[in-house]
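Note: hydrogens, waters and symmetry copies are ignored here, and every other heavy atom, side chains too, is used.
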Amino acid sequence: MKKYYAACSCGKLKIICEGEPLRVSMCHCLECQRRTGAVFGNQAWFKQQQVTILGQSTQFTRQSDAGRSVSFQFCPSCGSTVYWEAEALPDHVAVAVGAFADPAFAAPSISAWEARQHHWLKSLHTMVIQHID
């Protein structure tokens, strides 16, 4: 069975996910933008029994844009959000795709809250962009 390894920036909070994610999604809501510091958040959803958590975390719970609770677990040392649980998907754990640090990780198949998407994302493939390795 395939295993995926995710960690915070300092490596003190880790998560091991066994098997494929149930879904990979991106969220454009304003709270995900604030939480990540990016224009959208990406998450891979697993059943709780697929997930092993190693290390200490601190929790922050907030209401989602849909009015349901979401509890984020982040590293108390470096502040990286590694995983979270949402009232909307009980018995599931979302893991920040960036925490896997795997450019080959599956692409999202769901895009939520697109009404709050940054306007330039729709034309990203046609934009003239300087590419730096």
First locate atom [atom1] of [X], then atom [atom2] of [Y], and finally report the distance between them rounded to the nearest 0.5 Å.
X     : Y     : atom1 : atom2 : result
Ile15 : Cys8  : CD1   : SG    : 11.5 Å
Thr52 : Lys3  : OG1   : NZ    : 7.5 Å
Phe46 : His92 : CZ    : NE2   : 11.0 Å

Considering only distance and modelled atom types, tabulate donor-acceptor pairs under 3.5 Å from the side chains of residues 93-112, sequence neighbours left out.
{"from": "Asp102", "atom 1": "OD1", "to": "Ala104", "atom 2": "N", "distance (Å)": "2.9"}
{"from": "Ser111", "atom 1": "OG", "to": "His28", "atom 2": "NE2", "distance (Å)": "3.0"}
{"from": "Ser111", "atom 1": "OG", "to": "Glu114", "atom 2": "OE2", "distance (Å)": "2.7"}

Ignoring hydrogens and angles, state whether a donor on the side chain of Thr61 or Gln59 is under 3.5 Å from an acceptor on the partner side chain.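 Indeed, the side chains of Thr61 and Gln59 share at least one donor-acceptor pair under 3.5 Å.
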Least distance between heavy atoms, [X] atom then [Y] atom:
X     : Y     : result
Thr58 : Pro76 : OG1-CB, 3.3 Å
Cys10 : Cys78 : N-SG, 3.6 Å
Asn42 : Met26 : ND2-CB, 3.7 Å
Glu20 : Gln50 : O-NE2, 3.1 Å
Gln63 : Gly67 : NE2-O, 2.7 Å
Lys12 : Cys75 : CB-SG, 4.4 Å

Any cation-pi pair here, Lys2 with Tyr4, using under 6.0 Å and within 45°?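 Lys2 over Tyr4 ring: yes.
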Within 45° cone of Trp84 ring axis and under 6.0 Å: Arg35 NZ or CZ: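 Cation-pi check for Arg35 and Trp84: passes.
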From CA spacing to verdict: side-chain contact (heavy atoms from CB on, under 4.5 Å), Phe72, Arg62: CA-CA 8 Å; Phe72 297 91; Arg62 68 164 175 83; 3.4 Å; yes
Take Glu85 and Ser71 through the test side chain to side chain donor-acceptor pair (under 3.5 Å) and record every step on the way to the result. CA-CA 5 Å; Glu85 296 171 294; Ser71 295; over 6 Å; no
So with a 6.0 Å cut-off around CD of Gln48, is the heavy-atom count from everything else above 12?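 Buried by this count: over 12 neighbours within 6.0 Å.
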Can you find a heavy atom in the side chain of Leu54 that is under 4.5 Å from one in the side chain of Ile16?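 They are in side-chain contact.
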Test item: Asp91 and Lys47 side chains (from C-beta on) under 4.5 Å apart, heavy atoms: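 No. Closest side-chain heavy atoms not under 4.5 Å.
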Under 4.5 Å between side-chain heavy atoms, hopping through other hydrophobics if needed: is there a path connecting Leu13 to Val51?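 Leu13 clusters together with Val51.
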Would you mind listing every salt bridge (charged side-chain N to carboxylate O under 4.0 Å, His left out) that reaches into residues 21-34, with sequence neighbours excluded?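 For residues 21-34, and leaving out neighbouring residues, the salt bridge (charged side-chain N to carboxylate O under 4.0 Å, His left out) pairs sorted by first residue read Glu31-Arg34.
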The test is side-chain contact (heavy atoms from CB on, under 4.5 Å); show your working for Phe74 and Ser80 and say whether it passes. CA-CA 5 Å; Phe74 60 94; Ser80 300; 6.0 Å; no
What verdict does the side-chain contact (heavy atoms from CB on, under 4.5 Å) test give for Ser57 and Tyr83, after you've listed the backbone C-alpha separation in whole Å, the side-chain angles of each residue and the deciding distance to 0.1 Å? CA-CA 10 Å; Ser57 67; Tyr83 68 99; 3.6 Å; yes
